[in-house]
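Letters A, B, ... mirror the listed sequences (proteins, then strands); counts begin at 1.
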2 protein chains.
Amino acid sequence: MSNLENTQAQMRKGVLEFCILSIISQGEIYPSDIIGKMKDAKLLVVEGTLYPLLTRLKNAGLLNYRWVESNSGPPRKYYVLTPIGENFLNELKLTWAELVLAVDETTNKTQTI
Amino acid sequence: MSNLENTQAQMRKGVLEFCILSIISQGEIYPSDIIGKMKDAKLLVVEGTLYPLLTRLKNAGLLNYRWVESNSGPPRKYYVLTPIGENFLNELKLTWAELVLAVDETTNKTQTI
DNA sequence: AAATAGTACCTTGCAACACATAGTACTAAA
DNA sequence: TTTAGTACTATGTGTTGCAAGGTACTATTT
C-alpha cells in the first residue's frame, strides 16, 4: 500500500464510527445497506470492518437491533440508536465541527501561493 | 478511556499526519515547536507519537532535517518538506476537502430536528 | 431432489499506529 | 557537582481496520 493511500485510509478511519452512527440515526437499517450508503458517499467500508464495529457499539449500549425476516435470503439485523447512542452522536457532531475548524486553521496558514 | 474520548481520539489520529505536514510546509521547524503549534490548534500530540511519525515520514522521503545548535539545551532537528513531501501534502489537501464533503453529506441528511 | 447462485451474518489472524512510559544527552544555573 | 530544563530516542501495549475464509438461509436451475 502506498504512503498516500495509507494516509488517506487513516483519514477515513477517523470518521467511520461517526458516519455509521449518523446513517443509523436516519432510520432503522441493516449492515449490507450501510455498506451501500457509505459506498455512495465515497466512504468505502467492508464487512470485516463493519460487523465488529457494530458489535462493539452494541456492547457499549449505543445501538440495538432486531431480527427481520427477508423473503430474498437470510434474516437481517436492523439496527437503531439507543438514547445513549443519540447523545453520543450529538457529541460527535460537535467534535467533528471543531476538528474541521482546527484542521482548516492549521492547514490554511499559507494560502498565499 | 471512555467511548467518547476514544472515538474523538480516532478522529484526531486521522488528520495528524496531514496537519503536521502542513505545519512543516509553513517553514522549517523542530518537533517541540510542532507540538506547541498543534496544541494551539487544539490538536494535542505527544512526543511518543510525533517522533516516530517524523521518522516514518523522513524514511518515506517526504521530509528532511538538519541539526541546529541551540544555546539553551541540546541541538534540534529542524524539518523541511522535500519536493515529494510537497506533492504529497497537496494530495492530502484534496483528500481532506473530499472527506469533509463526504462526511457532511452522510451526516447532514436529517437536520430536520 | 440435488446443485448452484445470491444474500447476509460471523470469526480469525495480521499489521499499523497512537500513546504511555522510561531513558539518554546536552546546557545552564545553583 | 547537583539540579532543572530542554530535546531526542526506544520499548511495550491496546485498539482497530481489513483481508480472508466460513456458515446459513432462500430461490432458481437442472
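- Following rounding to the nearest Å, A/L50 (CG) and D/dA20 (C1') show an atom-to-atom distance of 17 Å.
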Inset, instruction - In sequence, state the C-alpha distance, the side-chain angles, and the governing distance for B/Y65 and B/L54, and then conclude on side chain to side chain contact (heavy atoms under 4.5 Å, CB included). - result: CA-CA 10 Å; B/Y65 64 80; B/L54 291 174; over 6 Å; no

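- At the phosphate of C/dA18, OP1 or OP2 sits under 4.0 Å from a side-chain N or O atom of B/R56.
- Candidate nucleotides D/dC18, D/dT15, C/dA18 were compared by shortest atom distance to the side chain of B/N6, and D/dT15 ranks first.
- Between A/N71 atom CG and C/dG6 atom P there is a gap of 18 Å when expressed in whole angstrom units.
- Straight-line distance from the CG atom of B/L57 to the P atom of C/dA16: 15 Å, rounded to whole Å.
- Think of B/L94 as one node in a network of Ile, Leu, Val, Met, Phe, Trp and Tyr side chains linked at under 4.5 Å; it has no links at all.
- For the pair A/K93/A/N90, a side-chain contact is recorded, criterion being any heavy-atom separation below 4.5 Å from C-beta on.
- Of all heavy-atom pairs spanning B/M38 and B/I23, the tightest one is SD-CD1, 3.5 Å.
- Contact check of residues 33-40 of chain B against DNA chain C (heavy atom, cut-off under 4.0 Å) returns no residues at all.
- Applying the ring-ring contact (aromatic ring centres under 6.0 Å, His included) rule to B/F88 yields no partners; only residues at least two apart in sequence or on another chain are considered.
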Got a list of side-chain donor-acceptor pairs under 3.5 Å for residues 66-82 of chain A, not counting sequence neighbours?
residue	atom	partner	partner atom	Å
A/R66	NE	A/E28	OE2	2.5
A/R66	NH2	A/E28	OE1	3.1
A/R66	NH2	A/E28	OE2	3.4
A/S70	OG	A/S72	N	3.0
A/S70	OG	A/S72	OG	3.3
A/R76	NH1	A/Y78	OH	3.4
A/R76	NH2	A/Y30	OH	3.3
A/T82	OG1	A/G61	O	2.6
A/T82	OG1	A/L62	O	3.2
A/T82	OG1	A/I84	N	3.4
A/T82	OG1	A/G85	N	3.0

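- The two residues A/T95 and B/M11 have their closest heavy-atom pair at CG2-SD, 3.9 Å.
- Atom CG of A/L54 and atom C1' of D/dG17 are 14 Å apart (whole Å).
- In this structure, A/I20 atom CD1 and D/dT16 atom C1' are separated by 12 Å, rounded to whole Å.
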Side-chain polar contacts of residues 39-51 of chain A - donor-acceptor pairs under 3.5 angstrom, sequence neighbours left out - could you list them?
none

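- Rounded to a whole Å, the CD atom of A/E5 is 15 Å from the C1' atom of C/dA16.
- B/L57 is connected to A/L4 through a chain of hydrophobic side-chain contacts under 4.5 Å among Ile, Leu, Val, Met, Phe, Trp and Tyr, so both are in one cluster.
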Got a list of protein N/O to nucleotides 3-10 of chain D N/O distances below 3.5 Å?
residue	atom	partner	partner atom	Å
D/dA7	OP1	B/Y30	OH	2.7
D/dA7	OP1	B/R76	NE	3.0
D/dA7	OP1	B/R76	NH2	2.7
D/dC8	OP1	B/K77	N	2.6
D/dC8	OP2	B/Y51	OH	2.6
D/dC8	N4	B/E47	OE1	3.1
D/dT9	OP1	B/K77	NZ	3.0
D/dT9	OP2	B/K77	NZ	3.1

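- Rounded to an integer number of Å, the gap from B/M11 CE to C/dA18 C1' is 17 Å.
- In this structure, B/E17 atom CD and C/dA16 atom C1' are separated by 11 Å, rounded to whole Å.
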